[in-house]
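A short write-up of the structure that comes next.
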2 protein chains.
Amino acid sequence: MTATAGSREAATPAEESRRTELILVAARLFRLNGYERTTVRELAEAVGLRSGSLFHYFRNKEEILLAVMANGIQSVIDEGQALMARHEQPAERLEGLFRLHMSSLINGVGGDAMHAMIYEWRSLTPQARAQIQQLSTAYEQLWNRTINEAVAQGLLQGDPAIIRKHVLGGMNFTVRWYRPDGRLSAEQVTEQMLRAALPGLARHPEL
Amino acid sequence: MTATAGSREAATPAEESRRTELILVAARLFRLNGYERTTVRELAEAVGLRSGSLFHYFRNKEEILLAVMANGIQSVIDEGQALMARHEQPAERLEGLFRLHMSSLINGVGGDAMHAMIYEWRSLTPQARAQIQQLSTAYEQLWNRTINEAVAQGLLQGDPAIIRKHVLGGMNFTVRWYRPDGRLSAEQVTEQMLRAALPGLARHPEL
DNA sequence: GTCTATACATAGATAGAC
DNA sequence: GTCTATCTATGTATAGAC
C-alpha cells in the first residue's frame, strides 16, 4: 500500500510523483530545520516551484506533515506485517522487528519520516494526531504481540508494555546521534544496539 | 549552582524570583505546546505580565529557551556529581544515576526542562546549541565513567557508548508516555524501566 | 519594573492570469 | 500545473511614558 494520507480521487502519474517528491523533500527539511521553522517557500524552492503552487498538491502545510508521517509509518507497518507472516518463533520475530525498526531509522528516507514521527507530533491538530495515533497503534500491536510471546516463553522478563517502550525509545533516540560516517557502520550499530536492548537474545543478522 | 544561563550582573532577589518563575512557566508551556508555537504573549499572560515586559528579563525569546534547558540539565549534573561522590561501586553508581535520571524526567518541574532538552534543541542558534552541548557532555561524562567501569567489571557487555545511548534514549522516551495517573506508579515505572534497561543489575530502591 | 503602542518582518494561504 | 501578486494574520521586539 502506498500511503498517501488523506488519499484523493484520480491523479495522473506525473502528479502523483510530484506529490511523492514533495513528501520526501519535506521530510528531509523537517528533519533538518524542524517543521515549524521550515517555510512553504523553502519547500517550494527545494523542488523548483513557487510557494503558491504547493497548495495545488496539499490543502495546507499541516497536510504535508501528515503525509510525511503517514507515509513513513505505513511502510514500516507493511514490512513488519510481512515479517510477522514469515516468522513464527517469538525470538525471530523480536529480532526481526528490531532490525527492521533500526534500518528504517538509519536509512535516509525512512529515517526522515521517522524523525518527523518522533519530533513533530505536537504540530498536528487533534484530528490529525488521532489519525497518526491510529497508525502508531497498529505498529505497536506488532511489538505487543511479539513481546508478550517472548515474555510468556521466558525469553524476556518484566512488564511487557514497559519493555516495548524502553526498547523502542532506545532505538528512536538513534536519530539524534547516528551518523553514516561515524565510528561504527550501520551494521555494527545495529548489532550493538541489539545487544544493549535485548541481551538475552541470540543474534541472527540474516533476519 | 543555580544555572541562570547567560548569567548577568547584580539582580534584586525579587527580580531573580520573577525570572525563575518565568523559566518554570516557560518550561511548562514549551512542553505543552512546543517552543515555536508558544508565543511571548502567552508566556507573559501566564505570569500576569504584558508581552513587552518579558524583554526586561530576557533579551529575546531564545534566551528563555536556553535558560530553561541550562537550568534543567545543570540541576541533574549537580545531583549526579553528588551521587558519584557518595558511591564508589559501579553497580551502585549505575543504579543511582538511572534512578536520578528517571526521577528528573518524571518529576513535573525537572521533566518540563528535560522535555525541552529533548525536543527543542533545533530551535537554538548554533552558539546556544554549543552551550547546551557542553552541559550535556558534562552530564554524559558521568554516565561514560560509570558504564566503562561496569563493562570493565563484567557487569555489562557491549560497546559502552552504545549502551549509554540506548539506556538514556529509552529513559528519555518516558516523557512521551508517562502519566502520573497511569496504570503504574512512578516507583513501579522506575523499577520496571530499570529491569528492562539493565536486566543484570540487582535493584536497590534506596539509592 | 510594567505598561501602551507600534514598528517591522515573515508566515500561510488565496485569486486569477497564463 | 505553475506563476505573479497580494491579502491577512501573527509573531518578535522596541520606544518611551509612567
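Protein chains get the first letters and strands the later ones, always in sequence-line order, with residue 1 at the start of each.
- You'll find that the side chain of A/S53 is closest to D/dC3, out of D/dC3, C/dG12, C/dT2.
- In this view, A/R122 and B/E120 satisfy the salt bridge (Lys or Arg N to Asp or Glu O under 4.0 Å) rule, not counting sequence neighbours.
- Regarding B/R18, its CZ atom lies at a distance of 9 Å from the C1' atom of C/dT2, rounded to whole Å.
- Less than 4.0 Å separates DNA chain D from at least one heavy atom of each of the following residues of residues 38-46 of chain B: B/T38, B/T39, B/V40, B/R41.
- Across C/dC3, C/dT14, D/dT14, the shortest atom-to-atom separation from the side chain of B/R50 is found for C/dC3.
- Taking A/E79 as the reference, nothing meets the salt bridge (Lys or Arg N to Asp or Glu O under 4.0 Å) condition, with sequence neighbours excluded.
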Just list the side-chain donor-acceptor pairs under 3.5 Å for residues 169-179 of chain B, sequence neighbours left out, or say none.
unit_1 : atom_1 : unit_2 : atom_2 : d
B/N172 : OD1    : B/H101 : NE2    : 2.8
B/N172 : ND2    : B/L168 : O      : 3.4
B/T174 : OG1    : B/M171 : O      : 2.3

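- Rounded to an integer number of Å, the gap from A/K61 NZ to C/dA13 C1' is 12 Å.
- Remark: P of C/dT2 and CZ of B/F55 are 15 Å apart, rounded to the nearest angstrom.
- Residue pairs meeting the ring-ring contact (aromatic ring centres under 6.0 Å, His included) criterion with at least one member in residues 17-48 of chain A, sequence neighbours excluded: A/F30-A/Y35.
- Whole-Å rounding puts the A/N33 CG to C/dA11 C1' distance at 15 Å.
- Relative ring orientation between A/Y119 and A/H115 is described as tilted, the plane-to-plane angle lying within the 30° to 60° band.
- In this structure, A/I64 places its CD1 atom 12 Å from C1' of C/dA13, rounding to the nearest Å.
- The salt bridge (Lys or Arg N to Asp or Glu O under 4.0 Å) test applied to B/R37 returns A/E36, not counting sequence neighbours.
- What separates CZ of B/R37 from C1' of D/dT10 is a distance of 13 Å, to the nearest Å.
- For B/L49, the listed nucleotide lying nearest its side chain is C/dC3; candidates were C/dA13, C/dC3, D/dC3.
- Taking the side chain as every heavy atom from C-beta outward, A/M84 and A/T146 approach each other to under 4.5 Å.
- The distance from atom CD of A/E63 to atom C1' of C/dA13 is 13 Å, rounded to the nearest whole Å.
- Distance, B/H56 NE2 to D/dA15 P: 16 Å, rounded to whole Å.
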